[in-house]
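Keep in mind that this is a model prediction, so the values were computed, not measured. By convention in this document, chain letters (A, B, ...) are assigned in the order of the sequence lines, proteins followed by strands, and residues within each chain are numbered from 1.
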Amino acid sequence: MTMLRPRTLSGRYARTAYLFLIPAILFFAAFFYLPIGNVTATSLRTGPQADQWAGLGNYTQALADPAVRHSFLVTVIFSVLVVIGSIVLGLALALALDQPLKGRVVFRVLLLVPYLTSVAIVGLLWRNILDPELGVLNRVLGAAGLPEQTWLNTSPLLTIAAVTLWQSVGYTMVLFLAGLQGIPETYHEAAKIDGADPWHRFWRITLPLLAPTTLFVSVMAVISGLQAFGQAYIITNGGPGDATDLSVFHIFNVAFRARDFGYSSAQSVLLLVVIVAFTLVQLRAGRRGEVTY
Amino acid sequence: MRKPLLYILLGLASLATVVPLLYMVSLSLQTEAETLSADAVLVPDSPQWGNYAELFTRAPFGNFIVNSLVVAGAITLAHLLFDPLVGYVFAKFRFPLRNTLFVALLATLMVPFFVRMIPLYVLMATMGWLDTYQGLITPFLMDAFGIFLMRQFIQPIPDDLISAARIDGASELRIYRSVILPQTRPALAVLGLFTFVFQWNEFLWPLVATTTPEMRTIPVGLTLFNQEYFTLWHLTAAGSVILFVPTAVLFVFTQRYFVRGIALTGIK
């Protein structure tokens with residue numbers, strides 16, 4: 001009998017589908033789409049209560065504001081450093097772990113451990129280690145008669161990028177490892193028979209076939225680099241001066257220390273536009289250059 | 001490359017990740033004098049277990065722990081409850097606006113948290129939800145990634161299983177609970193582990209959404225403790241160890257799931 005009423009049946013399943021979806025629709029409306037609407041609305045307003053119409057005033061002000069431009073530049077440099085480090089170190093470690101070695105699981109576990117730690121631990125621990133006066137590294141170097149370091153003063157951005165890598169490199173390594181294991185063994189076998197040395201096999205086979213993984217790693221690293229916050233908040237407080245004034249840290253300060261919700265909202269919308277544009281461009285570039293096995 | 005060289009490379013890299021964490025443990029057991037002595041102390045003379053007790057008298061650290069457990073636990077449960085259900089709907093149902101809703105869902109993947117931070121703060125302030133568990137929990141009840149993961153996992157389950165159950169007269173909720181859900185256990189394990197660890201470590205939102213020390217989670221409570229008592233590194237280290245141990249223990253027992261989970265995120 002049900003066979004005779006397919007229309008009603010599919011209608012019934014559609015009702016079930018919507019019934020199951022109600023919590024999700026409410027959640028994403030209330031906690032994603034409503035906030036995006038609100039942040040856009042607030043970005044067009046000014047004043048301590050963000051209730052006076054400002055039009056695009058906040059945007060033109062942000063685009064001309066040297067502090068905003070500086071923090072964006074700092075964030076881009078930070079992200080580029082993290083991306084390069086992720087690819088080079090993550091790939092090197094993955095290539096090493098891809099060999100038939102003893103204790104691979106142990107190495108993999110040890111290298112992944114920092115990825116599981118909170119940015120609070122990473123930040124506090126490395127600030128303690130690297131502190132020019134009280135840090136343990138300088139006390140060890142001093143006791144050994146070696147020159148002491150002041151990296152957090154001399155190259156703060158590079159230093160917090162390195163600390164970020166310390167935490168995340170295990171993650172990129174696992175991604176590259178999965179990519180490497182997806183490359184069919186036959187390509188390497190054939191190249192070996194043709195007399196290609198390991199160096200050539202790496203550049204001509206491994207690297208091109210890893211392109212999708214490399215693209216994914218770089219997209220992820222840029223996106224998380226552009227959103228970095230804890231490193232600046234915990235390790236450097238944006239300093240020295242404004243040398244590590246990462247964008248989200250800057251937005252946080254404008255919003256919650258200076259209490260300017262209109263101006264900070266405009267800045268976060270601008271940063272969102274940059275991130276979305278960047279993601280779409282990279283994914284499109286990746287699709288064009290896609291490799292088929 | 002020759003094998004000894006590989007062992008050296010991996011050995012050095014592993015030391016670089018593990019030694020700082022071991023130093024953190026050592027620091028947590030030192031006296032205040034040892035943390036400052038010119039000759040750096042790497043292994044304390046006599047481990048000061050009392051540091052851990054002192055931490056609880058200097059800050060409401062018991063509250064931090066309970067708060068972290070409640071918030072990360074509730075969010076994880078919500079993900080385990082909702083993500084597979086929504087994933088199932090998008091994997092196995094045909095209904096009007098299905099593609100539109102799915103695209104709208106995936107689009108949220110591109111919305112970083114900082115964009116939601118200010119409006120969510122205003123929303124929570126308006127509702128009087130700052131400094132409450134519901135304020136800390138509700139913004140993270142579900143996410144598109146978890147739903148997408150579950151959808152990918154449910155899609156290969158044969159439709160015939162569902163049709164057969166329908167012919168047998170099983171209710172739709174029963175089909176989901178008894179036919180679909182049991183098959184998704186490996187994916188649920190990955191989802192639960194990742195959600196718990198990420199929420200346990202979450203820093204920005206608990207920093208923004210709490211004002212009283214009693215409502216802080218461990219990462220935020222510890223960081224603000226360190227700002228207040230910035231010379232008491234042995235206590236900060238003890239707090240870091242408390243924050244770290246649960247995730248480390250969880251990881252050691254489930255590292256296969258973690259590795260598989262990370263690899264899954266890389267597969268298109």
When the 4.5 angstrom heavy-atom criterion is applied to Val197(B) and chain A, the contacting part is side chain
Closest heavy-atom pair, Tyr33(A) versus Ala107(B), reported as atoms and distance to 0.1 Å, is OH-CB, 3.8 Å
How are the rings of Tyr121(B) and Phe261(A) set relative to one another: parallel (under 30°), tilted (30 to 60°) or perpendicular (over 60°)?
tilted
So, the part of Phe82(B) with a heavy atom under 4.5 Å from chain A: the answer is side chain
CG of Leu116(A) to CG of Leu250(B), rounded to nearest 0.5 Å, is 8.5 Å
Tightest non-hydrogen contact, residues Ser14(B) and Leu111(A), listed as N-CD2, 3.8 Å
Determine yes or no for a side-chain-to-main-chain donor-acceptor pair under 3.5 angstrom, with Lys3(B) supplying the side chain and Pro100(A) the backbone.
yes
Bottom line for Ile218(B): the part with an atom under 4.5 Å from chain A's heavy atoms is neither
The interface call for Leu224(B) against chain A, heavy-atom contacts under 4.5 Å, is side chain
Student check: side-chain heavy atoms of Met110(B) and Ile223(A) closer than 4.5 Å
no
Honestly, the part of Leu124(A) sitting under 4.5 Å from a heavy atom of chain B is both
Ranked by heavy-atom pairs below 4.5 Å to chain B, first place among Ser264(A), Ala178(A), Ala255(A) goes to Ser264(A)
Greatest number of non-hydrogen atom pairs under 4.5 angstrom with chain A, of Val252(B), Thr236(B), Thr223(B), Thr247(B), falls to Thr223(B)
Scanning both residues in full, the closest heavy-atom pair of Ala120(A) with Pro219(B) reads CB-O, 3.7 Å
Cut-off 4.5 Å, heavy atoms of chain B, and the answer for Ala24(A) is both
If one checks every heavy atom of Leu207(B) against chain A at 4.5 Å, the contacting part turns out to be side chain
Distance col, row Asn201(B):CG vs Tyr115(A):OH, nearest 0.5 angstrom, shows 10.0 Å
Shortest non-hydrogen pair, Thr138(B) vs Phe27(A), comes out as O-CE1, 3.0 Å
When the 4.5 angstrom heavy-atom criterion is applied to Leu271(A) and chain B, the contacting part is both
Assert top hit (heavy-atom pairs under 4.5 Å, partner chain A, pool Leu42(B), Leu120(B), Leu204(B)) equals Leu204(B)
Under 4.5 Å to a heavy atom of chain A? For Leu36(B) that would be both
Arg116(B) (side chain) donor-acceptor with Ile36(A) (main chain) under 3.5 angstrom: no
| Mutual orientation of the aromatic rings belonging to Tyr176(B) and Phe20(A) [parallel < 30°, tilted 30-60°, perpendicular > 60°] | tilted
Heavy atoms of Trp126(A) and Pro20(B) approach each other most closely as CZ2-CG, 3.7 Å
Whatever's closer than 4.5 Å to a heavy atom in chain B on Thr42(A) counts as neither
Turns out that what part of Phe256(A) lies under 4.5 Å from chain B's heavy atoms comes down to side chain
Bottom line for Ile167(B): the part with an atom under 4.5 Å from chain A's heavy atoms is neither
In short, Ala30(A) meets Leu123(B) closest at the heavy-atom pair O-CD2, 4.4 Å
Whatever's closer than 4.5 Å to a heavy atom in chain A on Asp83(B) counts as neither
With chain A, the option among Tyr88(B), Phe93(B), Trp233(B), Phe95(B) that has the most non-hydrogen atom pairs under 4.5 Å is Trp233(B)
Quick one: does Asn226(B)'s side chain get under 4.5 Å of Arg127(A)'s, heavy atoms only?
yes
Turns out that what part of Thr35(B) lies under 4.5 Å from chain A's heavy atoms comes down to backbone
Residue set satisfying salt bridge (Lys or Arg N to Asp or Glu O under 4.0 Å) with Arg166(B), at least two apart, ordered chain then number -> Glu172(B)
query: Between Phe229(A) and Phe203(B), how do the two ring planes meet: parallel, tilted or perpendicular, split at 30° and 60°?
result: tilted
Just so I know, are the side chains of Pro23(A) and Met142(B) near enough to count as touching, which here means a heavy-atom distance under 4.5 Å? yes
Okay, Ala104(B) and chain A: the region with an atom under 4.5 Å from a heavy atom over there is both
If one checks every heavy atom of Phe90(B) against chain A at 4.5 Å, the contacting part turns out to be side chain
Turns out that what part of Ile129(A) lies under 4.5 Å from chain B's heavy atoms comes down to side chain
message: When you compare the side chain of Thr117(A) with that of Leu21(B), does any pair of heavy atoms fall below 4.5 Å?
response: yes
message = Any side-chain to backbone donor/acceptor pair from Tyr18(A) onto Pro96(B)? Under 3.5 Å, distance only.
response = yes
If one checks every heavy atom of Ala248(B) against chain A at 4.5 Å, the contacting part turns out to be neither
